[in-house]
Amino acid sequence: MSIKTIKYKNPGSSSITRFERIHTIIFDDKKNAEYLVAEEIIKLIKKNNKKNKTTVLGLATGSSPIGVYKNLIDFFKKDKVSFKNVVTFNLDEYYAISSDHKQSYSQFMDQNFFNHIDINRNNIYIPKGDVDKKNIDKYCKEYEKKIKSFGGIDIQILGIGANGHIGFNEPGSNLNSVTRLVKLDYQTRSDAKLDFNGIKNVPSSAITMGIKTILSSKRVILMAWGQGKSESIKKAVELRQNVKIPASLIQSHDNATFVLDKQSSALLTRISQPWQVGQLVLDNEMITRAVHWLSKKTEKPILRLTEKDYNQNNLSDLLVDKSHYDLNLSVFNKLQRTITGWPGGKPKSDDTHRPERKNPSKKRVIIFSPHPDDDVVSMGGTFDRLVSQGHDVHVAYQTSGNIAVSNEEVLKFVELYEDFFDKSSNFIDELKSLLSDQKKIIKDSRVRKLASLIREKESLAATRFIGLSDSNVHFLGLPFYETGKIKKNKPGSKDLKIMCDLIKSIKPHQIFAAGDLADPHGTHKVCIELLFDSLKNLKKLEFMNDCWVWLYRGAWHEWDTHEIDMAVPLSPEQVLKKRRAIFYHQSQNNSVMFQGDDEREFWQRVEQRNREIAITYNQLGMADYQAMETFRRYYF
Ligand code: F6R
């Protein structure tokens, strides 16, 4: 398949894409997509090279185009495609930084692309981030003129911001905008904080090509990878064009394609509600999903859905082999059977329809917690039940979480030590002076050690409160995390070995882990991938045949009801107990350093979510519980 050959002007003309206003292609594997985008570019360069014609490319930075650049470099090296006749214009640059700043887009382009091909340096145009403010307007006009002088851009590649921006055209940018100086949104700056080691270092302005500049390109390809982009993609593709979602303005271009992977396309109607576009695949998960959706849409509990409800909502195919009555009942039963107050299995009872096995009645359990607090934040109620029901529960804190302890918190303990033991010394003075800047991220290993210890002690207070003995609490301190910066290292064999050694020593019947991939700093993602790799490594060991893995969702996200395999209800008292367990993590309460854009404290978010999922269960027709923690089984 080539992206170009399936270009068509009226995406909504096919029934599958009838909700879509932009030509959109979804790939199972982004590698394949990146290759095809690069191939389209290379074909044009080759064609133009033959005629000695210049190819003008519009380029983007960020994580989205990196794979395309890698493929282009491969084409250059293996197929000897020359870039001598290629002229490039970059979309944007931070302001005010110079092109030799480590985080400038100029450096990014050199490292990821230009240094590896034979492009003529004079043919590279990137907005200059250090133009004098009074000359900016003139400079921007010249940038526009320059693009026109080459006959315009042949292919413009784009990423999309979580807020729907393209280039740095933030929400509100209009169709007539051209290259200019803009202010960056809070969200955009927050998304860049890893690169700049904290949001306060992220520039607040940028120079960017405008929407008009982008839309003047002959061909536009926007790429989006990962779940974090799914909301902005849904809005850009399915809502009417509007300046609140700048990428939606691409709808007016007649040769644009959105190239997506499974995760970024997950909210498009054809994927999330395929029955609406005549694509109902009758597997069990899809049927459950469709019936839950119908119940939520009609605001009727599952058992009250009628044949007419199914017919009027494109779901009549579900009733081909089954009456609506039988279907309602089977989906209702399935949901009801996810509910259990016995997360470790109920001893001496029929477990045919229970989420967990009854045997062994006392299970060995590991709760993996990426940071020291996810255990209680995400599954405090279930944790408490497992302990009180007599299972041998272990908690493994995967990272030290030291980066999230504020300097003032560490200073408190240094001062306490100094005053109580009357121990002033040069060492203490040094620490105090390091900690006096409250905003600075301190790399000093002694400060980081103190921050780790603070989190360890808080965790022990919480696990003791739940009734766990200290010997069952494991602080893994995975090395990938220990950079002293927001940006972490890539995980390696040392991290994997620590995980595997623990699993081998405990031989668990149950593992609980954070299947929460939307954590804004990526630590949860790394931690779960390390667990998946450990499971792969240990799979052949006999004890693993008896090991079931349950994924919980952390503070940022909830499972959709059709994804849930186990739901543990919490009584009002248990909700309060869970809140108290969370409060032991004092360094994380009251203005957590890195909590994303949500201003609520962790306990508030999670309490609200546990309540909301109980309300949703109730609306689907289940009993009215105070709150619920939910899990999805992971098969390996
Ligand atoms: C970068 C740019 C931005 C990014 C967008 C997505 O030159 O103009 O619009 O394309 O912020 O960034 P990533 O790809 O890092 O998710």
Side-chain angles (χ1 to χ4, degrees), residues 30 33-34 37 57-70 88-95 97 99 101 103-114 124-129 143 153 155-173 177-196 199 202-203 205-211 213-215 217 220-233 235-236 245-250 256 258-261 263-265 487 517-518 520-522 525 597:
K30 87 170 186 177
E34 291 167 336
V37 174
L57 299 180
L59 300 179
T61 53
S63 60
S64 310
I66 287 185
V68 170
Y69 296 145
K70 284 203 176 110
T88 62
F89 284 92
N90 262 79
L91 280 166
D92 41 20
E93 179 60 281
Y94 289 112
Y95 190 83
I97 60 176
S99 58
H101 187 290
Q103 298 308 335
S104 74
Y105 282 166
S106 189
Q107 293 290 318
F108 175 99
M109 290 307 297
D110 279 352
Q111 280 160 22
N112 289 291
F113 192 32
F114 297 143
I124 297 172
Y125 296 92
I126 302 178
K128 276 160 76 97
Y143 200 74
I153 291 169
I155 300 182
Q156 173 68 58
I157 59 171
L158 297 172
I160 181 171
N163 63 359
H165 74 207
I166 46 175
F168 275 139
N169 293 284
E170 302 287 29
S173 305
S177 55
V178 287
T179 304
R180 67 207 185 285
L181 181 70
V182 292
K183 278 258 169 259
L184 296 177
D185 267 19
Y186 178 79
Q187 163 138 38
T188 301
R189 297 184 62 228
S190 164
D191 289 345
K193 65 177 171 251
L194 282 187
D195 297 326
F196 286 88
I199 188 164
V202 181
S205 308
I207 296 182
T208 181
M209 281 187 196
I211 303 279
T213 330
I214 293 171
L215 295 183
S217 312
V220 174
I221 302 175
L222 182 145
M223 292 170 280
W225 322 124
Q227 190 202 0
K229 300 293 169 71
S230 57
E231 279 184 30
S232 56
I233 286 295
K235 290 179 189 157
I245 315 291
S248 70
L249 301 174
I250 299 175
F258 276 25
V259 179
L260 311 177
D261 65 358
Q263 290 77 20
S264 65
S265 62
K487 196 165 193 159
L517 306 182
H521 311 300
K525 188 157 184 275
D597 301 333

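Please read all numbers here as calculations on a predicted model, not as lab measurements. Remember, it's 1-based here, ligands and their atoms both numbered in the order they're listed.
Summary of contacts: the protein heavy atom closest to atom 8 (O) of ligand 1 is Asp92 OD2, 2.5 Å. Residue, atom and distance of the protein heavy atom nearest to atom 3 (C) of ligand 1 are Gly167 O, 3.5 Å. Regarding atom 14 (O) of ligand 1, its nearest protein heavy-atom neighbour is Ser64 OG, 2.4 Å. At the top of the distance list for atom 5 (C) of ligand 1, counting protein heavy atoms only, stands His165 NE2, 3.4 Å.
When the heavy atoms of Ser63, Gly159, Ala60 are ranked by distance to atom 13 (P) of ligand 1, first place goes to Ser63.
No side-chain heavy atom of Gln156 sits less than 4.5 Å from a side-chain heavy atom of Phe89.
Not one N or O on the side chain of Ser177 forms a donor-acceptor pair closer than 3.5 Å with the backbone of Gly210. Under the 3.5 Å distance criterion, the side-chain polar atoms of Glu93 are matched with a main-chain donor or acceptor of Tyr105. Of the possible donor and acceptor atoms, one in the side chain of Glu170 sits under 3.5 Å from a partner among the backbone N and O of Asp185.
Between the side chains of Ser232 and Lys229, no donor-acceptor pair is found at a separation under 3.5 Å.
For the pair Lys229 and ligand 1, the shortest N or O to N or O distance falls below 3.5 Å.
Listed by atom number, the atoms of ligand 1 under 4.0 Å from Leu91 heavy atoms are 8 (O). Atoms of ligand 1 found under 4.0 Å from any heavy atom of Gly62 (numbered from 1 in listed order, with element): 14 (O), 15 (O).
Contacts between Ile160 and ligand 1 below 4.0 angstrom, taking non-hydrogen atoms only, involve the backbone exclusively. Residue contacts with ligand 1 for Thr61 involve both N, CA, C or O and side-chain atoms from C-beta outward (heavy atoms, distance under 4.0 Å).
When all heavy atoms of Ser99 and Gln107 are compared, the closest pair comes out as O-NE2, 3.0 Å.
By the 30° and 60° cut-offs, the orientation of the rings of Tyr94 relative to Phe196 is perpendicular.
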